[in-house]
2 protein chains.
Amino acid sequence: MPASPQLPADTARDTARAEGAPSFSPLYRQIKGLIIGGLQAGEWKAGEAIPSELELAARFGVSQGTVRKAVDELAAESVLVRRQGKGTFVATHAEQKIQYRFLRLVPDEGAESLGRQLLDCRRQRAPAAIARQLQMRSGDAMIEVRRLLHSKGQPVVLDDIWLPGALFKGLTAERLEQHRGPFYGLFEAEFGVHMIRAQEKIRAVAADAETAELLKVAVGAPLLSVERLSFTYGDKPVEFRRGLYSTATHFYRNELN
Amino acid sequence: MPASPQLPADTARDTARAEGAPSFSPLYRQIKGLIIGGLQAGEWKAGEAIPSELELAARFGVSQGTVRKAVDELAAESVLVRRQGKGTFVATHAEQKIQYRFLRLVPDEGAESLGRQLLDCRRQRAPAAIARQLQMRSGDAMIEVRRLLHSKGQPVVLDDIWLPGALFKGLTAERLEQHRGPFYGLFEAEFGVHMIRAQEKIRAVAADAETAELLKVAVGAPLLSVERLSFTYGDKPVEFRRGLYSTATHFYRNELN
DNA sequence: AAGTGGTCTAGACCACTCT
DNA sequence: GAGTGGTCTAGACCACTTG
């Protein structure tokens, strides 16, 4: 008999209901919430294995099948990664394979191996537009990072990244430069912030003078403007970035379903 | 005991194996293949209900749980749509809700209600580049459609659409003009061609003279170039289109996971 | 051989829709 | 009330990894 989580067959119904909110939370969703809680609490870190399904089932007082369904959803959301015979692991952006999980830029030909060049890393006050997106107050402490990505020596991406100062205390240009691999890997390892999902708004824009010089294109050249809002557990927005992509030798790849 | 499909516990292993191909097909994937077969054969049409899980389980000689897992995957791929209490339905692009399932263009403010303007619909020989994408031969019979999409009276999208002539026999400008809703709905209803998945390659480009006039922007203005290759069952490419999006009042929205 | 996730089954009951 | 999909359980066995 389930002990810790309440049974859906009992009194555990969600009686309070907002507009369109579900009227009923199945047991496996509650288990899913408990697992997410463990991840948020840092019980298991990025890349580590979580307990086996049978262990979790025993801990939560439910059957293996119920744990399995909870883990299935988390695996579908790329929060967890299953490996048959080995266990279930906390997903990480620092994986050797498939670097830059959120970067959809693909070269027209050949493989990718991006070089990074840090331009700037400074403390800033949040501009109103960015504060709103991150659910902060205008003027709150933030960190702004600017950097270039190069492919075969040519600059292809100019990123302007905004992070809440409260979450990324002690982030400096040195630490960013020392670190290998994507920033998101550093954020996980050093600050316990996992990016699990993001929204992008894409537009075509003309390069201004400063951008044109950095990306080595003509002033007025068409560029892809990619505004990304990244979320951690609980749909909490924790990063805003604006990328300008030069699409002469690369394209943005998307899959529709 | 399962009858029609072979049991994975028996001799049904995939013994032939290509590079990286799976060495083992679980029963539910075979069931999934049988359901897809029924869809391809036109046994159930777009928007119609397929048989209940218990019926399918009886037909295929497996348990309900195995059918359920097959349907789960097809629902995750948006090939089928489940509706509790009612049944499982063949997904359609002609739904009242969420028109234009593959169109990711969103207005900066307000709701969308797109007007369509057909520019051209003609028989053509396949250019080499397009034939290659559609796995056809250069010079094969094709139909080329050009059209504009308007939002609040302003042109926002210029589409150039290429379809294999063999699959869309009898497609004329009249039928395209008469039809209400997305083209993909017409393709399903009239030609039995379901688009279930697509890949897009996105770039920023400068408007040429003809495009500028049609979209009412300046020559050289930055536009989003969206090349879409659409697939039907069995990963068969059946449409290539190139859209030019004006992103002054709209943006391309994408979700990353 | 032991432990992990993956598959398959059978049965019970719940939530939702329609008649 | 009957029929649908949705949840949960318990148990058996398979596939894969590691010692």
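In what follows, chains carry the letters A, B, and so on, assigned in the order in which the sequence lines appear, proteins first and then strands, with residues in each chain numbered from 1.
Distance B:I31 CD1 to C:dT9 C1': 13 Å, rounded to the nearest Å. Atom CG in A:L27 sits about 12 Å away from atom P in D:dA10, given to the nearest Å. Atom CD1 in B:I50 sits about 12 Å away from atom C1' in D:dT4, given to the nearest Å. Rounded to whole Å, the distance from CZ on A:F24 to P on D:dG6 is 12 Å. B:L56 places its CG atom 8 Å from the P atom of D:dG5, with the value rounded to the nearest Å. The CZ atom of B:F89 sits 16 Å away from the P atom of D:dG3 (whole-angstrom rounding). Atoms CD (A:Q64) and C1' (C:dG6) sit 10 Å apart, rounded to a whole Å. Going from atom CG of B:D72 over to atom C1' of C:dC8 covers 14 Å, rounded to whole Å.
The closest donor-acceptor contact from the side chain of A:R228 to the backbone of A:F102 lies under 3.5 Å.
Residues A:V81 and A:A91 come closest through the heavy atom pair CG2-CB, 3.9 Å. Of all the heavy atoms in A:V238 and A:L163, the pair that sits closest is O-CD2, 3.9 Å.
One finds a salt bridge joining B:E53 and B:R68 here, because a Lys/Arg side-chain nitrogen approaches an Asp/Glu carboxylate oxygen to under 4.0 Å. In summary, A:E200 and B:R253 do not engage in a salt bridge, as defined by a charged side-chain N under 4.0 Å from a carboxylate O.
The A:Y28 side chain lies nearest to D:dT7 when the options are D:dT7, C:dG5, C:dT9. Relative to the side chain of B:R82, the nucleotides D:dT7, D:dT9, D:dG6 differ in distance, and D:dG6 lies closest.
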Show each protein N/O and nucleotides 1-4 of chain C N/O combination with a separation under 3.5 Å, one pair to a line.
residue, atom, partner, partner atom, Å
C:dG3, N2, A:G85, O, 3.0
C:dT4, O2, A:G85, N, 3.3

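Look at B:K69 and you'll find a side-chain N or O under 4.0 angstrom from OP1 or OP2 of C:dT7. Contact annotation: B:R68 does not reach the phosphate of D:dG5 (side-chain N/O to OP1 or OP2, under 4.0 Å).
Aromatic pair A:H250/A:Y245: centroids not less than 6.0 angstrom apart.
Screening residues 180-194 of chain A for salt bridge (Lys or Arg N to Asp or Glu O under 4.0 Å) gives A:R175-A:E190 as the qualifying pairs, with residues at least two apart or on separate chains.
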